[in-house]
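One structure below.
Count residues from 1 along the sequence.
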Amino acid sequence: MLLLKGFRTKADDVLLPTEPRRVVLQELGIRIPRPLGHGPSRFIPEKETVQVGSEDAMMHALFADSFATLGRLDNVTLVMVFHPQYLESFLKTQHYLLQMDGPLPLHYRHYIGIMAAARHQCSYLVNLHVNDFLHVGGDPKWLNGLENAPQKLQNLGELNKMLAHRPWLITKEHIEQLLKTEENSWSLAELIHAVVLLTHYHSLASFTFGCGISPEIDCEGGHTFRPPSVSNYCLCDITNGYHGVDDIHASPAASIPTTESVCEVEALMEKMKQLQECRDEEEASQEEMATRFEREKRESMFVCSSEDEESAPTRDVSRHFEDTSYGYKDFSRHGMHVPTFRAQDYSWEDHGYSLVNRLYPDVGQLLDEKFHIAYNLTYNTMAMHKDVDTSMLRRAIWNYIHCMFGIRYDDYDYGEINQLLDRSFKVYIKTVVCTPEKTTKRMYDSFWRQFEHSEKGQTTLPPLPLLTTPSAPQVHVNLLLVEARMQAELLYALRAITRYMT
């Protein structure tokens, strides 16, 4: 946990001791923790992140809001601050969901966060909400396993697993089971609150793994008592990203621009230009558009990562959910046919927004703002190029994610996706969205290499502002991924609720 200037506590004197104090404590036989990783992310070089105390006025205000709301300045915030406008909306939404007046009691909210994060083995988020759950008076016995929680929360387990892994299977019958049980039934307002919390934490787990968020020093897995050694690493240091003085982030290859990487940027921009010209000259028929969607949907089933890649180690949190063997499966595999979800039949703008806002006032507005910020966020730059319209690329990413969930937009040409998103990028997208716990640093480094190389290589220029640092585009991509995922989950759940109501 990082604390702001003016927010120091006595705990800091132990967690962040000065060298003389360290010596005294060591002489007293007191073990002193040190962080296992460098910075808030295992994937992003620490020198590219905001150093607390050097932030501008807007970022300081956001940090203060986060600290006041959560009682800490967590690593998610320190990475999201690459895009302050989004972070402000995210913090406002999360604060409303967890702490403001609503249908569910506070301890239920945090427990649902634990259930949701656990489905993706996200021990980082689970640990944060275990502490919050206890802080608001939650019963410690519930933390021994879901079977120790009230039956009402246990009943939510089926919806939790389907939303996290196969939301297209949710039907109005699943909703009816929750709302019409003789005992421990949910009200519509409570269920909407629970659904928003579940989807929020499923998508936040995607962000956590997608950006390689490291646990804070005071959290489980965030520290070690073994002194650092360049020649003799502790195994846990290596798996958590600590590599001594010559950290893996300082790879010389990553700082050298290459002709190939510059050409990749130029090629992508040329493709965008050509696609726009084709749009202007000729529009594909509805039949052809439908065919291209089905083709992209089928192809997405064969996008998968290598089995030999190692993801970040996670601690077992399976006691917080049931049916541990249940996981992601492509919706059209093994002869199983799931009807296409046509966006014009049930969209967030025309249907989901009003339902959420009616049953859980103001939340629909908060979510809508967050979706729009993530989708429309742009600085009109692409690597070293300025004044670039990136809307075509952002729409391709968003619609590819919804395509993987079986959601089709009739007015979109899915042939553009293969033109704009290469295989390594698709692997990263699908992993972060569908099985985030399998995300690796290699995947993160492999997409949009051209942005990293071209920007890191400008060593003769003044320091780049935060928003155009090499990692800002990758973080922006993750914001698109998590919001598109959250909206897709919400659409399936809200459509089922609507069908139950009618």
Side-chain angles (χ1 to χ4, degrees), residues 112-113 115-122 155-179 186 191-207 209-210 293 296-297 300-301 303 321-334 336-343 345-349 351-353 355-356 364 367 371 398-409 429-438 480-501:
I112 290 170
M115 291 172 62
R119 281 268 29 143
H120 284 306
Q121 303 170 40
C122 189
N155 293 345
L156 198 63
E158 185 76 7
L159 185 64
N160 180 28
K161 77 176 186 181
M162 285 191 295
L163 271 175
H165 306 298
R166 307 173 202 174
W168 45 86
L169 298 181
I170 297 173
T171 66
K172 67 176 184 179
E173 284 73 29
H174 293 112
I175 303 303
E176 185 175 21
Q177 287 174 8
L178 290 167
L179 297 174
W186 292 74
L191 186 58
I192 289 290
H193 194 171
V195 164
V196 175
L197 282 168
L198 290 172
T199 58
H200 176 80
Y201 282 103
H202 293 157
S203 61
L204 190 54
S206 284
F207 184 85
F209 285 114
F293 169 79
E296 188 60 49
K297 189 172 70 168
S300 72
M301 294 191 302
V303 173
F321 62 92
E322 298 173 324
D323 197 358
T324 56
S325 63
Y326 192 94
Y328 173 79
K329 283 188 178 179
D330 291 299
F331 52 86
S332 293
R333 280 196 186 277
H334 310 302
M336 182 178 182
H337 177 69
V338 178
T340 294
F341 187 130
R342 300 173 74 241
D345 293 339
Y346 197 95
S347 68
W348 166 255
E349 292 79 8
H351 306 90
Y353 168 83
L355 177 62
V356 172
L367 294 175
F371 291 149
W398 188 281
N399 285 1
Y400 179 62
I401 294 164
H402 280 201
C403 177
M404 290 192 301
F405 282 80
I407 300 172
R408 182 196 168 203
Y409 296 87
I429 290 173
K430 186 171 183 180
T431 304
V432 170
V433 170
C434 301
T435 54
E437 60 276 9
K438 296 182 180 179
L480 278 171
L481 304 193
V482 300
E483 293 302 333
R485 174 192 175 161
M486 182 175 183
Q487 190 180 99
E489 286 189 28
L490 275 174
L491 285 174
Y492 278 107
L494 297 176
R495 185 181 66 169
I497 292 173
T498 300
R499 287 177 172 176
Y500 165 79
M501 294 171 64

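Minimum interatomic distance between Ala205 and Cys122 (heavy atoms only, all atoms of both residues): CB-CB, 4.0 Å. In terms of heavy-atom proximity, Trp186 sits nearest to Ala194 at CZ3-CB, 3.8 Å. Between Tyr201 and Gly113, the shortest heavy-atom distance links the atoms CD1-CA, 3.7 Å. Heavy atoms only, all atoms of each residue included: Ser347 and Leu491 are closest at C-CD2, 3.7 Å.
Rounding to the nearest 0.5 Å places CG of Leu179 at 5.0 Å from OH of Tyr500. In this structure, the separation between CG on Leu163 and CG on Leu169 is 10.5 Å, given to the nearest 0.5 Å. With values rounded to the nearest 0.5 angstrom, Ile192 atom CD1 is found 4.5 Å from Leu355 atom CG. To the nearest 0.5 angstrom, Ile497 atom CD1 is 12.5 Å from Arg499 atom CZ. For the atom pair CD of Glu437 and OH of Tyr328, the computed distance is 12.5 Å after rounding to the nearest 0.5 Å. For the atom pair Leu178 CG and Leu191 CG, the distance stands at 6.0 Å (nearest 0.5 Å).
With a 4.5 Å cut-off on side-chain heavy atoms, Ile429 and Met404 count as touching. For the pair Phe209/Val432, no side-chain contact is recorded, criterion being any heavy-atom separation below 4.5 Å from C-beta on. Side-chain atoms of Glu483 and Phe207, non-hydrogen and from C-beta on, never get closer than 4.5 Å to each other. Val433 has its side chain out of reach of Val482: every pair of non-hydrogen atoms, C-beta onward, lies at least 4.5 Å apart. The shortest distance between side-chain heavy atoms of Leu367 and Met486 falls below 4.5 Å.
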**Item:** Verdict with supporting geometry, Phe341 and Tyr492, ring-ring contact (aromatic ring centres under 6.0 Å, His included)
**Value:** CA-CA 9 Å; Phe341 187 130; Tyr492 278 107; 4.9 Å; yes

**Message:** For a side-chain hydrogen bond (donor to acceptor under 3.5 Å, both in side chains) check, start with the C-alpha distance between Arg485 and Ser203, then their side-chain angles and the critical distance, and finish with the verdict.
**Reply:** CA-CA 6 Å; Arg485 174 192 175 161; Ser203 61; over 6 Å; no

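Put simply, the side chain of His120 never gets that close to the backbone of Ser206: no donor and acceptor are under 3.5 Å apart.
Here the options are Val356, Ile170, Val196, Ile175, the test is side chain to side chain contact (heavy atoms under 4.5 Å, CB included), and the partner is Leu494; only Val356 passes.
Within the structure, salt bridge (charged side-chain N to carboxylate O under 4.0 Å, His left out) contacts touching residues 160-177 (residues at least two apart or in different chains) are Glu158-Lys161, Lys161-Asp323.
Looking at residues two or more places apart in sequence or on another chain, you find a side-chain hydrogen bond (donor to acceptor under 3.5 Å, both in side chains) between His202 and Asn160, Glu489. Qualifying side-chain hydrogen bond (donor to acceptor under 3.5 Å, both in side chains) partners for Gln487, counting only residues two or more places apart in sequence or in other chains: none. Applying the side-chain hydrogen bond (donor to acceptor under 3.5 Å, both in side chains) criterion to Arg408, with sequence neighbours excluded, gives Asp410. For Thr498, the side-chain hydrogen bond (donor to acceptor under 3.5 Å, both in side chains) criterion is met by Tyr346, not counting sequence neighbours. Cys403 meets the side chain to side chain contact (heavy atoms under 4.5 Å, CB included) test with Phe293, Glu296, Lys297, Tyr414; sequence neighbours excluded.
Ring geometry for Trp348 against Tyr353 counts as perpendicular: the plane angle is over 60°, on a 0 to 90° scale with 30° as the lower cut.
Using modelled atom types, one finds no donor on one side chain facing an acceptor on the other under 3.5 Å when comparing His165 with Tyr326.
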